[in-house]
Amino acid sequence: MARERRVGRSIGGETVTEPILHVDMDAFYASVEVREDQSLAGKPVAVGGGGPRGVVMAASYEARAFGVHSAMPGVRARRLCPNLIFVPPNFTLYRAESDLILQILFSFTPLVEQISLDEAFLDVGGSTRLFGEPVAIAEKIRARVRSERSLVCSVGVAPNKFLAKLASQHAKPDGVVHVPAEKIHEFLDPLPCGALWGVGEQTEAALDRLGVRTVGDIVALPDGVLERAFGPGPAAHLLALAKGEDDRAVVPYEPAKQVSAEQTFERDLDALEHIRRELLRLSDRVAQRLRSGGHSARTVTIKVRFSDFKTITRSRTLPAPTDGAAKIYAAARDLYASLRLHRPRIRLLGVAASGLVAGSGPEQLRIGERPDRWGAADRAVDRLRERYGGDTVERAAVAQPRPRAARRDEGPDEREARDE
Amino acid sequence: MRISVERERFADTIGWVLRSVSSRATLPALGGVLFDANGPQLRLAGTDLELAGEATIDAKIDEKGSVVLPGRVLGEIARSLPEGAVRIESSGGQAKLTCGAAEFTLRALALEDFPNLAAPGGAPSGTLDASVFAVAVGQVTRAASHDEARPVLTGTLVDATGDKITLVSTDSYRLAVREIPWAGPSTAIKRVIPARALSEAARASDGDGKIEITLGESQASFAVAGRRLTTRLIEGEFPNWNQLIPAELPNQLRLERESFAEAVRRVGILAQSGAPVRIDLGADGAKLGAGSQDLGEATEQVDGKFEGEPLTVAFNPAYLLDGINAVEGTEVTLSTRDGLKPAVLRAPEDASGFLYLVMPVRI
């Protein structure tokens, strides 16, 4: 589906010069929670853990007014905003919501690239005959998200992904920013260098030493200065971004390579019983995500981070792909056992499934094990969780007093492994 | 110590002893081979503390003594020596090894650090033809698990009674059993022996001679042709395998073994990423199939004699092949009840005492 991107595409004689939309939900997790519980409306709300190791995953605009933002430690957030209301995340709900919003996006174009649960790129270059100019499409999307989902989003409209994303950041909250092709420089030049994608503190500091403060300053630099400072490759990249050039296509669908869940504990785990229980819980989540994505996995990986932040991962390939919690847990438990740890202090556990194949996959049966013992149960649990929420049903082994866990402090969605 | 030995015999023996020596020894002496020339013959020994391999060979012993020499380098030297007798002379923390015009001086390892190799005491539990033992070990150990998380399944159950010895391994997906008649102990003995140790024991002989099996309380040993392999036992309860073998299987297919194996191998090429090979059992034999949407399909018909109701059953091709290859003789029978129950591979008429049970893949 990927195709060459040009700035401006000719369709039936018309040229759409700004076909790319970046749709970004405003304070997504927090907004969903507020919508579900109106008593939270107008109050500072943070989704995430409020405990000693909790992290803010999303903050309502009321909370942001106090300086609370995502990825901030919960303790710090509470210091900034003593009345902050912490809501534990409910990813089943966010995922379901995200799917419904995606359906709205897909009704405008098949070229939708979801970046995360609350963000997507659209290429509407081929949709203008049906739905109007890209800016009009942006407004229609916002209107439908508001009326059908009672949620607010911001949209950037621009010639390419990089500019569209920048534009949506400027549109927040609840707005549309359109960057026409002929006004790229007008839009970009006054921005600080740090606004460019991939320009972090170090690059920004290096640019600052060159006397470069804004994007316009980068473009105005004499030839060769950037090359000498950063090397030819990075310099070319930086200059392209500063000129607002980006030729990445909107790639509609990227199959998941891995499904994972991990958990940081408020207090380090040391008892085998607790460790196994958490592995079971994580395996259960991973299996559920596999099934909801229509996948089976061939390889199970566990990640163990100790209190000193040393992190190890171990993988095993199963005899046949599975989407069953029991099989994933069995592999995770065996992998953990093979580490032969003596009195470990574990800060974080993770379970990941990779080597994904479509479907529930063939199941290698075990001697003396009745087939499908768990499969039917797994699917019944999926239905209950779908209907009544993520915590409705737990395995009995999991439904013990928890070793005070930062509640479901796991990744927001399917993602790639990031081994450290 | 001053000795000389025949080169080929020396190289061969060092090679076998080194199989019990860890390449990553925790203690330097454990990476070494012990030369013990205090008896009438030269004794060579190596151990990783789980296994110990000992071999005695004829040598001309001019001066008694012992020395421990580094194993890995010794193995390389032994393999590359020129024609001629090998002379080894040790003194003062080093040893000189000469053969033809080649001369090596090696630093010796600490003799006192080399562990005392215990061996199970008492009379041997029984003896077998080394060739029969080697075949049986090959048939059975292939079904053992490599998963250290369940140590007992990495072993082979050795169940010795007065009239037969039974070897069993399973990784919980398949199970292999071989019974061999023998004159064994009056009271039955059951031990779980690391599958790796059995494989090394099977390599101890080139097929001739009798292997003497001693099943002790905490160790087992296998002695043949001047070599002895001693191993620790695996603790834990081996699964009660007898009740896992289905008594009667209504659907039986008899196939030419080599054609069946080749067909599984060919069709299995398209059984990737854990996909199974399907087998349609019917009146004219077996129709094999495998494939996926992304890749394509492979099918092959293997003629055979079938009794029972036609059915379809699917297997992991590697597990299936392991079983077909383990059966002796020109023919094999595949018996099963249905696509979710264990299937059994064995030689027709059940003459060999070997059985390979394999669980299907549910499709």
Side-chain angles (χ1 to χ4, degrees), chain A residues 255 257-258 272 275-276 279 290 294-300 302 304 314-324 326-341 353-376 378-379, chain B residues 143 145-151 153-154 168-177 238-246 271-278 290-295 312-320 322 336-344 356-363:
Chain A
K257 292 188 179 107
Q258 165 160 323
L272 183 61
I275 291 162
R276 287 199 172 156
L279 287 174
L290 283 172
H295 290 123
S296 290
R298 187 89 202 285
T299 302
V300 174
I302 62 165
V304 181
R314 290 285 182 280
S315 301
R316 149 159 328 156
T317 296
L318 306 172
T322 184
D323 61 1
K327 285 207 159 65
I328 291 173
Y329 169 63
R333 183 200 55 208
D334 288 355
L335 283 167
Y336 182 81
S338 65
L339 296 174
R340 299 187 190 285
L341 300 174
S354 57
L356 303 189
V357 296
S360 63
E363 181 195 3
Q364 171 67 58
L365 304 174
R366 278 174 182 261
I367 297 172
E369 176 192 65
R370 276 190 300 147
D372 208 13
R373 210 169 92 209
W374 289 111
D378 278 342
R379 278 180 278 278
Chain B
S145 168
H146 299 284
D147 185 354
E148 289 300 331
R150 294 181 70 190
L153 295 190
T154 66
V168 190
S169 270
T170 179
D171 62 3
S172 84
Y173 302 113
R174 61 255 175 85
L175 181 147
V177 187
F238 197 84
N240 187 0
W241 61 276
N242 250 317
Q243 63 181 31
L244 301 173
I245 309 284
Q272 294 200 351
S273 323
V277 165
R278 296 181 309 278
S292 67
Q293 275 185 342
D294 329 332
L295 210 56
T312 299
V313 56
F315 298 101
N316 174 321
Y319 294 170
L320 189 60
D322 266 354
T336 188
R337 180 166 299 279
D338 62 44
L340 299 176
K341 298 276 165 46
V344 168
Y356 182 91
L357 179 150
V358 56
M359 287 303 290
V361 170
R362 188 181 52 160
I363 44 175

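Lettering of chains follows the sequences in order, A, B, ..., and the numbering in each one begins at 1.
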query: Which distance, rounded to the nearest 0.5 Å, do you find between the CG of A:Leu365 and the CG of B:Asn316?
result: 11.5 Å
- prompt: Side chain, backbone, both or neither: which part of B:Tyr319 has a non-hydrogen atom closer than 4.5 Å to chain A?
  reply: side chain
- request: Check each atom of A:Arg333 against the heavy atoms of chain B and say whether the ones under 4.5 Å are side chain, backbone, both or neither.
  value: neither
- request: Mind checking the CE-CD spacing from B:Met359 to A:Gln364? Nearest 0.5 Å is all I need.
  value: 7.5 Å
- prompt: Under a 4.5 Å heavy-atom cut-off, does chain A meet the side chain of B:Pro342, its backbone, both or neither?
  reply: neither
message: Measuring from atom CD of B:Gln272 to atom CZ of A:Arg298, what distance do you get when rounded to the nearest 0.5 angstrom?
response: 10.0 Å
field: Engaged part of B:Arg174 at the chain A interface, taking heavy atoms whose separation is under 4.5 Å
entry: backbone
message: Less than 4.5 Å to any heavy atom of chain A: does that hold for the side chain of B:Leu175, its backbone, both, or neither?
response: both
- line: dist B:Asp147:CG -> A:Asp334:CG (nearest 0.5 Å) comes out at 5.0 Å
